Visitor: 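A single structure is presented below for examination.
Remember, predicted model here, so these are calculated numbers, not experimental data.
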Amino acid sequence: PPRSTLFPYTTLFRSPGAIGTALSLCGNNEYAKLPSGIVSGLHDFTISAWVNPSANSAWSRVFDFGTGTSDYMFLTLNAGGGPIRFAITNSGAGGEQQINGTAELPLNTWSHVAVTVSGNTGTLYVDGKVVGTNTNMTVHPADLGTTTQNYLGRSQFPTDPYLGGDLDDVGIYSSALSADQVATLASGQPAAGDVADYKFDESGGATALDSSGNGRDATIASDPSQPR
């Protein structure tokens, strides 16, 4: 049945999380949209999150911040049948600078993921352990301009699938956390992103509060014509 008639927003989009409650996405036209310019001006950065995927659909996104298919940065659970991947570009898919992991994430299990860039060195972590590095990350979020399509669980590319699963404790930082700091997050310490920080601990509803103090609340979106 359509969500709009039987699933009121006040009871939607939350499930038990890695820490508190989580954002629950069904994989069918559901995602969260963050404010424009969420990563504007960042050079060094960290983005961390807990992910509990119900499917590792090829090219489904943990996050994708950009202005379309030329300027973007994303973390996918499955790089077209391959492992987890972070990529950033300001010149389309052919110009992507990537950090590739070693495997997909396990299904129906919480995993902690984090991407850091310090200078030109990018590091991808899963459960506090380094799974990929790239020492030639010369494109940074500041090079993407003011991104207007900033998604959790949705891609810039319209044919890519939506994320099916749960997201929790998403933190965006204006610095590169150290390996020890990422390991501490993976051990269960809540994130404290100074750019934006989403706990998803609301009782429900279509707003995810930004606990960083910057007021960058996210809006959880669903196409009401699509069944959940």
Visitor: Test side chain to side chain contact (heavy atoms under 4.5 Å, CB included) on Val39 and Phe45; report intermediate values, then the result.
Guide: CA-CA 9 Å; Val39 291; Phe45 70 91; over 6 Å; no
Visitor: Please go through Trp50's hydrophobic cluster and name the other residues, only I, L, V, M, F, W, Y counting, with side-chain heavy atoms under 4.5 Å joining them.
Guide: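 Answer for Trp50: Ile19, Trp110.
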Visitor: Quick check: is Met137 connected to Ile172 through a chain of hydrophobic side chains (ILVMFWY, heavy atoms under 4.5 Å apart)?
Guide: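 Per the 4.5 Å side-chain linkage, Ile172 and Met137 are co-clustered.
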Visitor: Would you check if Thr102 and Pro83 make a side-chain contact, meaning some heavy-atom pair closer than 4.5 Å?
Guide: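 Side chain of Thr102 against side chain of Pro83, heavy atoms only: no contact under 4.5 Å found.
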Visitor: So, taking the atom named CD in Gln189 and the one named OG1 in Thr184, what distance separates them when rounded to the nearest 0.5 Å?
Guide: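 Gln189 atom CD to Thr184 atom OG1 measures 6.0 Å (nearest 0.5 Å).
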Visitor: Kindly give the heavy-atom pair with the smallest separation between Pro141 and Met73, and that separation in Å.
Guide: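 Residues Pro141 and Met73, closest heavy atoms: CG-SD, 3.8 Å.
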Visitor: Please check this pair: side chain of Glu202 against backbone of Leu209, looking for a donor-acceptor N/O pair closer than 3.5 Å.
Guide: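 Flag set: sc Glu202 to bb Leu209 pair under 3.5 Å.
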Visitor: Can you measure from CZ (Phe200) to CG (Leu167) and round to the nearest 0.5 angstrom?
Guide: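 Spacing of CZ (Phe200) from CG (Leu167) equals 6.0 Å.
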Visitor: When rounded to the nearest 0.5 angstrom, what is the spacing between CG in Leu34 and CD in Gln149?
Guide: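 Taking CG in Leu34 and CD in Gln149, the distance rounds to 13.0 Å.
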Visitor: For Phe74, which residues count as a ring pair (Phe, Tyr, Trp, His ring centres under 6.0 Å) partner, sequence neighbours excluded?
Guide: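 Once residues adjacent in sequence are excluded, the partners of Phe74 under the ring pair (Phe, Tyr, Trp, His ring centres under 6.0 Å) criterion are Tyr72.
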Visitor: Do side-chain atoms of Thr147 reach the backbone of Thr67 as a donor and acceptor pair under 3.5 angstrom?
Guide: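 Not a single qualifying donor-acceptor pair exists.
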Visitor: If I take atom CG from residue Leu163 and atom CZ from residue Arg154, how far apart are they, to the nearest 0.5 angstrom?
Guide: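 Rounded to the nearest 0.5 Å, the CG-CZ separation comes to 13.5 Å.
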Visitor: For the backbone of Gly17 and the side chain of Asp168, can you confirm whether one donor and one acceptor N or O come within less than 3.5 Å of each other?
Guide: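 Not confirmed, Asp168 side chain does not pair with Gly17 backbone.
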Visitor: For residues Leu185 and Val195: do they belong to one hydrophobic cluster (side chain heavy atoms under 4.5 Å, members Ile, Leu, Val, Met, Phe, Trp, Tyr)?
Guide: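 No; Val195 is not reachable from Leu185 via cluster members.
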Visitor: Can you name the closest pair of heavy atoms from Ala49 and Val170 and give their distance?
Guide: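 Shortest heavy-atom separation between Ala49 and Val170 comes out as CB-CG2, 3.8 Å.
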Visitor: Report yes or no: do Val62 and Tyr198 belong to one cluster of Ile/Leu/Val/Met/Phe/Trp/Tyr joined by side chain heavy-atom distances under 4.5 Å?
Guide: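 Result: yes, single cluster for both.
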Visitor: I'd like to know if the side chain of Asn78 and the backbone of Trp59 have a donor-acceptor N/O pair within less than 3.5 Å.
Guide: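 No, because the side chain of Asn78 does not come within donor-acceptor range (under 3.5 Å) of the backbone of Trp59.
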Visitor: Any chain of hydrophobic side-chain contacts (each under 4.5 Å) joining Val182 to Ile99?
Guide: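 No; tracing contacts between hydrophobic side chains, which count when under 4.5 Å, never links both residues.
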Visitor: Anything under 3.5 Å between a donor and an acceptor, one on a side chain of residues 112-134, the other on a protein residue two or more places apart or in another chain? List them.
Guide:
residue: Asp127; atom: OD1; partner: His112; partner atom: N; Å: 2.8
residue: Asn134; atom: OD1; partner: Asn136; partner atom: N; Å: 2.8
residue: Asn134; atom: ND2; partner: Gln98; partner atom: O; Å: 2.8

Visitor: Do the side chains of Leu75 and Tyr151 join up, straight or via other hydrophobic residues, at under 4.5 Å, putting them in one cluster?
Guide: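 Leu75 and Tyr151: separate clusters.
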Visitor: Restricting to non-hydrogen atoms, name the atom on Ala191 and the atom on Gly171 that form the minimum distance, rounded to 0.1 Å.
Guide: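 Taking Ala191 first and Gly171 second, the nearest heavy atoms are CB-CA, 4.2 Å.
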Visitor: Go through Ser54 and Asn108 one step at a time and tell me if the side chain to side chain contact (heavy atoms under 4.5 Å, CB included) criterion holds.
Guide: CA-CA 5 Å; Ser54 58; Asn108 303 308; 4.1 Å; yes
Visitor: Can you name the closest pair of heavy atoms from Leu105 and Asn56 and give their distance?
Guide: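 That would be O-ND2, 2.7 Å.
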Visitor: Apply side-chain hydrogen bond (donor to acceptor under 3.5 Å, both in side chains) to the pair Arg85 and Thr76, showing each step before the final yes or no.
Guide: CA-CA 5 Å; Arg85 173 187 290 173; Thr76 181; over 6 Å; no
Visitor: Once you round to the nearest 0.5 Å, how far does CG of Asp44 lie from CG of Leu177?
Guide: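 Output value for this atom pair is 10.5 Å.
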Visitor: If you take all heavy atoms of Tyr162 and Gly27, which pair is closest and at what distance?
Guide: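 That would be CB-O, 3.7 Å.
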Visitor: May I ask you to decide if Ser174's main-chain N or O and Asp194's side chain share a donor-acceptor pair within less than 3.5 Å?
Guide: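 Yes; at least one donor-acceptor contact below 3.5 Å.
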Visitor: Look at the rings of Phe63 and Phe86 and say which category their plane angle falls in: under 30° parallel, 30 to 60° tilted, over 60° perpendicular.
Guide: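 The arrangement is tilted - the two ring planes meet at 30° to 60°.
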Visitor: If every non-hydrogen atom of Ser212 is compared with every non-hydrogen atom of Gly193, which pair is closest and at what distance?
Guide: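 So the minimum-distance heavy-atom pair works out to CB-O, 3.2 Å.
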Visitor: Kindly say whether Ile38 contributes a backbone atom to a donor-acceptor pair with the side chain of Arg216 at under 3.5 angstrom?
Guide: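 It does not hold such a pair.
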Visitor: Could you tell me the separation between the CG atom of Leu77 and the CD1 atom of Ile84, rounded to the nearest 0.5 Å?
Guide: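 Going from CG on Leu77 over to CD1 on Ile84, the span is 6.0 Å.
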Visitor: Would a distance-only check, ignoring hydrogens and angles, find a side-chain to backbone donor-acceptor pair under 3.5 Å from Asn52 to Thr109?
Guide: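 Yes.
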Visitor: Are the side chain of Asp210 and the backbone of Asp197 linked by a donor-acceptor contact shorter than 3.5 Å?
Guide: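 Side chain of Asp210 to backbone of Asp197: a pair is present.
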